[in-house]
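This report concerns only the one structure given below.
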Amino acid sequence: MRYSEMFLPTTREIPSDAETVSHQLMLRAGMIRKLTSGIYSYLPLGYRVIKKVERIVREEMNRAGAEEVFLPAVQPSELWKESGRWDFYGKELLRLKDRHNREYCFGPTHEEVMTDLVRNEIQTYRQLPKNLYQIQTKFRDEIRPRFGIMRCREFGMKDAYSYDVDEESAIVSYQKMFEAYKRIFSRCGLRFRPVEADSGNIGGSYSHEFMVYADSGEDAMMFCTSCDYAANLEKAEISEPEKAPVDESVFLPLEEVHTPDVRTIEEVSGFLGVTPQCIVKTLIFTADERPVAVLIRGDEEINEAKLRNFLGCDNLELAMDDIIKEVTDSPRGFAGPIGIKCEIIADYSLINMNNFVIGANKEDHHIINCNIGRDFSVANFSDLRMITEKDRCPRCGSPISFARGIEVGHVFKLGTKYSKAMNATYLDRDGKDKLMVMGCYGIGIGRTSAACIEQNNDKDGIVWPMPIAPFHVIITPVNVKDEDILKTSDEIYRSLEAEGIEVVLDDRDERAGVKFIDADLIGIPLRITVGKKNLVDGNVEVRFRRSGEVEIVPVEEVRDYVVAKVREGLGETD
RNA sequence: CGGGGCGUAGCGCAGCCUGGUAGCGCGCAUGCUUUGGGAGCAUGAUGUCGCAGGUUCAAAUCCUGCCGCCCCGACCA
């Protein structure tokens with residue numbers, strides 16, 4: 001393409017409301033523009049990148065045996081009521097009404113529609129397994145969209161759904177997707193890692209998130225420094241500590257202490273002169289309307305995902321003051337396990353604690369020298385807290401470390417949740433109806449592009465990996481008013497296009513500096529500079545965006561040289 | 001939804017406190033010069049000051065309501 005004819009509005013100034021590097025650069029490089037909160041237009045340069053990511057996704061999905069379909073974005077409420085998600089999905093679901101006042105939603109995901117399609121068309125085990133995918137625009141009415149297209153409301157997503165005859169076969173489908181995802185993100189030039197993830201409300205089954213390393217990432221993950229265990233922080237397991245024999249002789253007598261207006265762990269710790277490790281926090285949660293007291297050591301944090309899974313509830317929130325009053329007979333800040341009027345569960349961190357401090361269930365009072373067994377009993381112990389640097393790998397016991405990342409893909413074993421709710425069955429060999437076993441697999445297309453920029457940029461702009469770069473090469477004639485320069489540039493341009501190279505000819509009547517800066521900003525991997533300096537000797541300059549290295553190449557050889565470099569960058573080394 | 005901030009030219013902002021001709025930088029247009037890392041000079045165009053009310057002789061400025069956007073928090077297959 002000729003730059004002068006392209007719609008490519010680059011900007012010098014950094015938009016004030018763009019926080020992350022990728023958001024700033026996508027705006028400055030003329031890739032995207034915001035229409036309204038969380039909703040973006042893709043300009044030609046941005047859309048070229050999107051299409052390249054999509055293409056890689058298609059190639060790898062097809063290679064893994066999946067078939068592409070295209071489903072409706074607007075979906076009838078009936079289907080969602082059938083699966084139970086019309087009520088459950090909440091405000092993120094954008095609901096619409098048509099002229100007849102019938103209810104619809106704009107699809108945030110397509111389990112219902114796909115499963116409806118499959119249940120109507122598939123009758124027998126002979127037609128299974130099936131893996132169907134689509135790439136299309138979805139809408140989730142996010143509470144707070146941010147970071148440009150990283151977390152937006154309207155976004156492009158690849159979603160695949162697998163249908164299998166049984167668990168065993170479903171695992172094969174899952175693994176195929178897992179492998180396909182590794183190939184996809186590798187081809188996109190990303191540094192990433194699959195991590196075990198919380199399976200959320202679906203429960204029982206398992207899932208992996210594909211996380212792209214980025215300090216600006218919204219998700220935290222931990223990984224073992226020696227084995228290959230890696231997990232989302234919500235999921236990261238903590239082993240049950242070994243229980244030391246109980247020696248009741250060390251138990252000190254219970255004592256109630258007056259602690260006026262002392263509520264938080266810090267306040268209690270300061271007031272009583274004990275470390276937070278000697279205090280037990282009692283948190284009252286409401287789990288699907290039912291109050292539950294959760295005990296945890298003072299210096300640890302509750303992991304609500306673990307708690308939710310343990311309790312098997314849909315809704316979990318810290319209890320309101322009136323509930324606290326009801327179960328503890330005291331205001332917030334003085335809850336304790338002794339005499340509390342609800343079920344008590346405890347984190348493993350309590351297992352070997354003796355003579356600890358608790359709330360007294362009485363305003364302005366705490367109790368010291370409390371001991372489990374003697375003073376109260378616990379219904380269940382479980383792993384309910386957030387993992388920390390002090391913890392060890394739950395698999396091998398080695399030290400662990402932490403990183404932040406961007407979730408670009410998620411593979412999920414669904415089991416029969418949707419097939420059951422929607423009666424998606426097939427006839428097995430014995431002529432019996434059986435539920436299909438499902439999996440679902442998502443990739444955020446725009447987010448993948450943005451994550452790529454987070455990882456590939458420098459002070460001058462984006463540094464695209466060749467496979468998803470909007471163009472492979474940009475030719476920069478230093479002065480378009482110079483006949484020789486322009487003619488040579490044009491010849492190189494045509495020769496590269498003839499080779500199938502995606503090339504921009506920057507034929508604008510701009511100063512060289514302007515063109516260099518724009519070329520760097522939009523991040524084209526190779527730049528061919530045509531200027532008097534080298535042309536008098538019959539040479540042009542080839543510059544590599546990533547390294548900044550420069551090669552002087554004779555005009556007659558530049559085509560072959562650049563073609564080889566582009567193919568190398570695309571991974572087509574032959 | 002709670003807390004905070006912002007809305008003035010295409011973009012970034014000043015002006016508002018203390019009411020009286022709407023400004024600056026970048027960008028844009030034209031011309032001359034310049035031409036290997038965001039050129040110089042000259043000339044020029046561009047505003048319902050987010051919207052609606054109110055106060056006032058007079059409102060970008062003060063008051064009220066609404067809308068939009070951003071940030072923090074809560075929330076999130």
Side-chain angles (χ1 to χ4, degrees), chain A residues 9-20 23-24 27-28 30 33-39 80 83-86 88-93 107-112 138 140-148 151 153 157 159 161 197-203 205 207 209 218-219 232 234 304-305 308-309 314-318 320 407 410-415 417-418 421 438-442 444 459-461 476-482 485-486 506 508-521 527-536 539-541 543 548 550 552:
Chain A
T10 59
T11 60
R12 182 189 304 221
E13 288 174 51
I14 302 169
S16 61
D17 55 3
E19 285 188 288
T20 54
H23 189 193
Q24 291 169 358
L27 290 167
R28 289 190 54 210
R33 289 292 183 262
K34 185 170 73 178
L35 180 63
T36 184
S37 177
I39 299 181
W80 285 72
S83 73
R85 293 207 291 183
W86 185 257
F88 188 71
Y89 210 95
K91 291 185 181 164
E92 254 181 64
L93 188 63
T109 173
H110 283 69
E111 281 84 1
E112 282 82 358
K138 316 236 174 192
R140 295 181 193 178
D141 202 354
E142 290 280 347
I143 275 176
R144 188 141 82 85
R146 55 188 120 178
F147 310 139
R151 187 174 196 78
R153 301 196 293 172
M157 182 173 168
D159 53 329
Y161 304 90
D198 179 49
S199 47
N201 291 293
I202 286 161
S205 33
S207 81
E209 288 172 350
E218 287 192 276
D219 295 293
N232 180 308
E234 286 201 326
E304 290 196 18
R308 190 188 309 263
N309 288 339
D314 289 335
N315 274 305
L316 181 72
E317 54 187 9
L318 276 169
M320 297 294 139
E407 180 194 345
H410 200 160
V411 291
F412 218 117
K413 221 164 124 288
L414 288 175
K417 179 185 162 99
Y418 294 93
M438 289 177 60
C440 74
Y441 316 94
K459 66 174 172 45
D460 297 317
T476 308
V478 162
N479 181 352
V480 293
K481 290 194 179 126
D482 182 310
I485 291 177
L486 193 60
D506 192 349
R508 294 176 300 167
D509 183 12
E510 285 288 352
R511 299 170 66 82
V514 173
K515 299 190 189 185
F516 293 152
I517 276 163
D518 277 334
D520 286 348
L521 176 62
R527 187 182 82 204
I528 303 173
T529 310
V530 185
K532 262 272 178 299
K533 201 165 74 183
N534 289 302
L535 201 55
V536 290
N539 294 327
V540 294
E541 178 184 297
R543 187 171 189 273
V550 165
I552 306 300

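The chains referred to below are lettered A, B, ... by the order of the sequence lines, with proteins before strands, and numbering in each begins at 1.
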What's the [atom1]-[atom2] distance between [X] and [N], to the nearest Å?
X: A/R140; N: B/rA77; atom1: CZ; atom2: P; value: 10 Å
X: A/I517; N: B/rA39; atom1: CD1; atom2: P; value: 7 Å
X: A/N534; N: B/rG36; atom1: CG; atom2: C1'; value: 10 Å
X: A/R85; N: B/rC76; atom1: CZ; atom2: P; value: 15 Å

Under the side-chain contact (heavy atoms from CB on, under 4.5 Å) test, residues paired with [X] that sit two or more places apart:
X: A/I485; result: A/P477, A/N479, A/D482, A/S489, A/V530, A/K532, A/L535
X: A/I143; result: none
X: A/R33; result: A/P9, A/T11, A/L27, A/L43
X: A/K533; result: none

- Query: Which is true for A/M438 with a 4.0 Å heavy-atom rule: it touches a base, it touches only sugar-phosphate, or it touches nothing?
  - Reply: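 Contact class for A/M438: none.
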
Protein-nucleic acid N or O pairs under 3.5 Å, nucleotides 27-33 of chain B:
| from | atom 1 | to | atom 2 | distance (Å) |
| --- | --- | --- | --- | --- |
| B/rG27 | OP1 | A/R12 | NH2 | 3.3 |

- Inter-nucleotide P distance (B/rC72, B/rA59), Å rounded: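 My reading of the P atoms in B/rC72 and B/rA59 gives 39 Å.
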
- With C1' as the reference atom in both, quote the distance from B/rG27 to B/rC69 in angstrom, rounded to an integer.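 Going atom to atom, C1' in each nucleotide, I get 23 Å.
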
- Which residues share a ring pair (Phe, Tyr, Trp, His ring centres under 6.0 Å) with A/Y89, sequence neighbours left out: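 Checked A/Y89 against ring pair (Phe, Tyr, Trp, His ring centres under 6.0 Å); matches are A/W80.
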
Strictly under 3.5 Å: I want the nitrogen or oxygen pairs between protein and nucleotides 42-52 of chain B, one per line.
none

Apply salt bridge (Lys or Arg N to Asp or Glu O under 4.0 Å) to [X] and list each qualifying residue two or more places apart in sequence or on a separate chain.
X: A/K138; value: A/D159
X: A/K481; value: A/D509
X: A/E209; value: none

Distances under 3.5 Å only, N/O to N/O: pair up the protein atoms with those of nucleotides 9-12 of chain B.
| from | atom 1 | to | atom 2 | distance (Å) |
| --- | --- | --- | --- | --- |
| B/rG12 | O4' | A/E13 | OE1 | 2.9 |

- Query: At under 4.0 Å, does any side-chain N or O of A/R308 touch on OP1 or OP2 of B/rC76?
  - Reply: yes

- Query: For A/K515 and B/rU35, is the shortest distance between a side-chain N/O and OP1 or OP2 below 4.0 Å?
  - Reply: no

- Item | 5' precedence on RNA chain B between A/H410 and A/T10 (nearest-nucleotide basis) |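 Closer to the 5' end of RNA chain B: A/T10.
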
Report each atom pair, protein N/O against N/O of nucleotides 72-74 of chain B, whose distance is under 3.5 angstrom.
| from | atom 1 | to | atom 2 | distance (Å) |
| --- | --- | --- | --- | --- |
| B/rC72 | OP2 | A/R144 | NH1 | 2.5 |
| B/rC72 | OP2 | A/R144 | NH2 | 2.5 |

- Query: Between A/D520 and A/R543, is there a salt bridge with N-O shorter than 4.0 Å?
  - Reply: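 Salt bridge between A/R543 and A/D520, a charged N being under 4.0 Å from a carboxylate O: yes.
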
